[in-house]
Visitor: 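Pasting a structure below so you can have a look.
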Amino acid sequence: MSDTTAEAPAETPAVTAPVRGGGPDSLTDRLRSPRTYAVLIGSLLLLVLPFYLDRFWLQAGLFAMAAAIGAIGLNMLTGATGQLSMGHAFFLAVGAYGYCVLAGESSTENGHTLTGLGLPTWLAAILAVLLAGAAGGIFSPIAGRLRGAYLGIATLALIFIGQHVLFNAGSLTGGYNGRAVPPLSVFGFTFDDSELVVAAVPFGSSEKLWYAGLLALLLSALFARGVLRGRPGRAMNAIRDHRIAAGVMGVPVARYRAGVFVLSSMYAGLAGVLLALVFQRTVPEYFGMILSLEYLAMIVIGGLGSVAGAVIGAAFVSLLPQVFTHYSDSLPLVSAPGTGGLAPGEASRYLYGAAVVAVVLFLPGGLARLGLARTKKPAAPKNPGEKS
C-alpha cells in the first residue's frame, strides 16, 4: 500500500476592501491637488476684487466676462460641433437692443422717438435672451443643412442685415448714436451708480454688476460643461469628426446642428445684455464684422471645444486693448487714440492675430492645453511581473 499525500489547497489571496480615499483619483487627492487650491484662490480673488480695483479695471473685467459668455456659446457651435459662424455679433446685438426696447420707456432722444415697453428689467433681460434664441431659431433650418464655409458665408449675411437694421430703425435702436440702457433691477436692488457702502467701500454700478456678471458666467460655464460632457456633447463631437458615421449611428445631424445654433444664439444674447449694462449705451457700430472675428479669435486662441479655453481666449482678446489703452504712454510703438500713432486697438489686433497663427501652428489645442499638460498625472508604472 503506497503512501498517498494529500495536496494542500492553493492559498487563496486575501481580498482586501479598497481603502476609502486611497486611490490615485480619490476625492481626497482631488481636494489636495494644486489645481483645486488654484481654483479656490482664484475664486476668492475674484470675489474681493471690487473692493480694491478702480472703475476702469472693473469695467474691463466685466467686458471680459461678457465676452467669455459669448465665446462659450460660439465654442459649442464651432469647436464642439464644427459649425463655422461669422454672425455671432448679430445675436449679441439682438440681446443688447432687445433688452433696451423691452425695458426702456418711450421717449425722444437725439431726434428719434424711441419705442420702449417698460417691462421690469429682470424680465426684459430674460426675454432678450429668449429673443436672441428665437432669432437663432429662425435661422436654424439653414444652420441645420449647411456646414463649413457655406454656413460661414450664410451667417456673414446676418452681419450686413443687422447693421442695416441697427442704423436705420431709429425708433428701436436710436440710430447712429444708439440709445441709453436702463439699469438692471432685481427684487428692488438696482445695479446703478447710486452709492452703496460695503465695508467702507463705495459700490457703484461696476461693483454691483461684477457679482451679477460672475454669477452669469458661472452658470453659463457649468451648463455648457454639462452639455459637452454628457450625451449631447458626444453627439456633437461625432457630428464634427464623422458626420456620416454619426448619421448612420442614429444621431439626428440636422436637428443637433439647429439646436446647438439656437443655444449658441442664446449665449450671445446673454452676453449682449451684460455688455449693454456695462456700457450703459448701445451703439450700432460696435456690433459689426470685427466683433465676430474677435470671437472666432477667442475660441481659437483659448482652445476649440473647451469651456475653459473659451474663457481664457475671451480674457486674452478682450483685455488686451484695455491694457494697451491704459498703458499707452509707457508702451513702445503704442500711442493714445487720436494722436496719430499705432492705436491700442490696432496693436491688440496685430498681437492676437499673431497669437492665432502661433496657436494654429504650434499649439492646436489652444492655451487651455498648457494648463492640462501641466496638471496631467504621469502614467502609473507597470507591474514588474507583467509582460510587456
Visitor: Could you tell me if the side chain of N75 sits less than 4.5 Å from the side chain of M298, heavy atoms only?
Guide: no

Visitor: Between CG of L172 and CG of N168, what distance do you get to the nearest 0.5 Å?
Guide: 11.5 Å

Visitor: Hey, what do you get for CG (L275) to CZ (F63), rounding to the nearest 0.5 Å?
Guide: 6.0 Å

Visitor: Does atom CZ of R281 have more than 12 heavy-atom neighbours from other groups under 6.0 Å away?
Guide: yes

Visitor: Can you spot which of L270, V273, V311 makes a side-chain contact (heavy atoms from CB on, under 4.5 Å) with I69?
Guide: L270

Visitor: Evaluate I72 against L217 for side-chain contact (heavy atoms from CB on, under 4.5 Å), listing each step before the verdict.
Guide: CA-CA 9 Å; I72 290 172; L217 177 57; 4.1 Å; yes

Visitor: Consider only side-chain heavy atoms of I, L, V, M, F, W and Y, link residues closer than 4.5 Å, and tell whether L46 and L222 are in one cluster.
Guide: no

Visitor: Applying side-chain contact (heavy atoms from CB on, under 4.5 Å), run through F167 and E285 and close with a yes or a no.
Guide: CA-CA 8 Å; F167 281 109; E285 187 179 5; 4.2 Å; yes

Visitor: Count the heavy atoms belonging to other residues, nucleotides or ligands that lie under 6.0 Å from OH of Y176, then report whether that count exceeds 12.
Guide: no

Visitor: Do V278 and W210 have side-chain heavy atoms sitting under 4.5 Å apart?
Guide: no

Visitor: For Y350, does the OH atom have more than 12 heavy-atom neighbours from other residues, nucleotides or ligands under 6.0 Å away?
Guide: no

Visitor: Would you find a donor on one side and an acceptor on the other, under 3.5 Å apart, between the side chain of T108 and the backbone of T113?
Guide: no

Visitor: How far apart are the C-alpha atoms of F139 and L151, what are their side-chain angles, what is the distance that settles it, and do they pass the side-chain contact (heavy atoms from CB on, under 4.5 Å) test?
Guide: CA-CA 11 Å; F139 193 82; L151 179 61; 4.0 Å; yes

Visitor: Does the side chain of T282 come within less than 4.5 Å of Y99's, by heavy atoms?
Guide: no

Visitor: Answer yes or no: is there a side-chain heavy-atom contact under 4.5 Å between T78 and Y295?
Guide: no

Visitor: Between Q163 and F160, is there a donor-acceptor pair closer than 3.5 Å when you use the side chain of the first and the backbone of the second?
Guide: no

Visitor: Is there a donor-acceptor contact under 3.5 Å from the side chain of Y211 to the main chain of L47?
Guide: yes

Visitor: Mind checking the CG-CD1 spacing from L131 to I126? Nearest 0.5 Å is all I need.
Guide: 13.5 Å

Visitor: Quick one: do V48 and L58 end up in the same hydrophobic cluster if we chain Ile, Leu, Val, Met, Phe, Trp and Tyr together by side-chain heavy atoms under 4.5 Å apart?
Guide: yes

Visitor: Going through the distances and angles, do H88 and T155 end up as a side-chain contact (heavy atoms from CB on, under 4.5 Å)?
Guide: CA-CA 8 Å; H88 211 56; T155 53; over 6 Å; no

Visitor: What do you reckon, is CZ of F189 surrounded by more than 12 foreign heavy atoms closer than 6.0 Å?
Guide: yes

Visitor: Is the shortest side-chain heavy-atom distance between M86 and I159 below 4.5 Å?
Guide: no

Visitor: Going hydrophobic residue to hydrophobic residue with side-chain gaps under 4.5 angstrom, can you get from W122 over to L218?
Guide: no

Visitor: Any non-hydrogen side-chain atom of V186 less than 4.5 Å from a side-chain atom of F191?
Guide: yes

Visitor: Please check if the side chain of S265 supplies one atom and the backbone of F261 the other of a donor-acceptor pair under 3.5 Å.
Guide: yes

Visitor: How far does CG of L92 sit from CG of L74, to the nearest 0.5 angstrom?
Guide: 10.0 Å

Visitor: Between the side chain of S185 and the main-chain N/O of T121, is any donor-acceptor distance below 3.5 Å?
Guide: no

Visitor: Measure across A135 and F90 and return the closest heavy-atom pair with its distance rounded to 0.1 Å.
Guide: CB-CE2, 4.4 Å

Visitor: Of all heavy-atom pairs between L166 and P284, which one has the smallest distance, and what is that distance?
Guide: CB-CB, 3.6 Å

Visitor: Taking R145 for the side chain and A254 for the main chain, is one N or O donor matched with an acceptor at less than 3.5 Å?
Guide: no

Visitor: Check whether L62 and F316 end up in the same hydrophobic cluster, where Ile, Leu, Val, Met, Phe, Trp and Tyr are linked by side-chain heavy atoms less than 4.5 Å apart.
Guide: yes

Visitor: Would a hydrophobic clustering, with Ile, Leu, Val, Met, Phe, Trp and Tyr connected at side-chain separations under 4.5 Å, put L296 with I153?
Guide: no

Visitor: Just checking R255: does its CZ atom have more than 12 heavy atoms from other residues, nucleotides or ligands closer to it than 6.0 angstrom?
Guide: no

Visitor: Heavy atoms only: give me the nearest V307-R225 pair and the separation to one decimal.
Guide: CG2-N, 3.9 Å

Visitor: Are any non-hydrogen side-chain atoms of R349 and E294 less than 4.5 angstrom apart?
Guide: yes

Visitor: Rounded at 0.5 Å granularity, tell me how far CE in M266 sits from CG in L130.
Guide: 5.0 Å

Visitor: Do you know which two heavy atoms are closest between M76 and L263, and how far apart they sit?
Guide: CE-CD2, 3.6 Å

Visitor: Just by modelled atom types, is the R257 backbone N or O under 3.5 Å from a matching donor or acceptor in the Q83 side chain?
Guide: no

Visitor: With ring-ring contact (aromatic ring centres under 6.0 Å, His included) as the criterion, how do F91 and F287 come out once you've worked through the C-alpha distance, each side chain's angles and the decisive distance to 0.1 Å?
Guide: CA-CA 9 Å; F91 299 105; F287 301 97; over 10 Å; no

Visitor: If you look at every heavy atom in L209 and L277, which pair is closest and at what distance?
Guide: CD1-O, 3.5 Å

Visitor: Do any N or O atoms from the side chain of N237 and from the backbone of R240 form a donor-acceptor pair under 3.5 angstrom?
Guide: no

Visitor: Indicate yes or no for a side-chain donor-acceptor contact from S206 to the backbone of Q59 under 3.5 Å, with no hydrogens or angles considered.
Guide: no

Visitor: Quick check for you: to the nearest 0.5 Å, what is the distance between L102 atom CG and Y97 atom OH?
Guide: 14.5 Å

Visitor: Looking at every heavy atom in both L319 and A60, which two are closest together, and how far apart are they?
Guide: CD2-O, 3.4 Å

Visitor: Just wondering, more than 12 heavy atoms not from F223 lying within 6.0 Å of its CZ?
Guide: no

Visitor: Can you check whether L114 reaches E105 side chain to side chain, under 4.5 Å on heavy atoms?
Guide: no

Visitor: In terms of relative ring orientation, are F279 and Y286 parallel, tilted or perpendicular, with 30° and 60° separating the classes?
Guide: perpendicular

Visitor: If you draw a 6.0 Å radius around CD1 in I244, do more than 12 non-hydrogen atoms from other residues or ligands fall strictly inside?
Guide: no

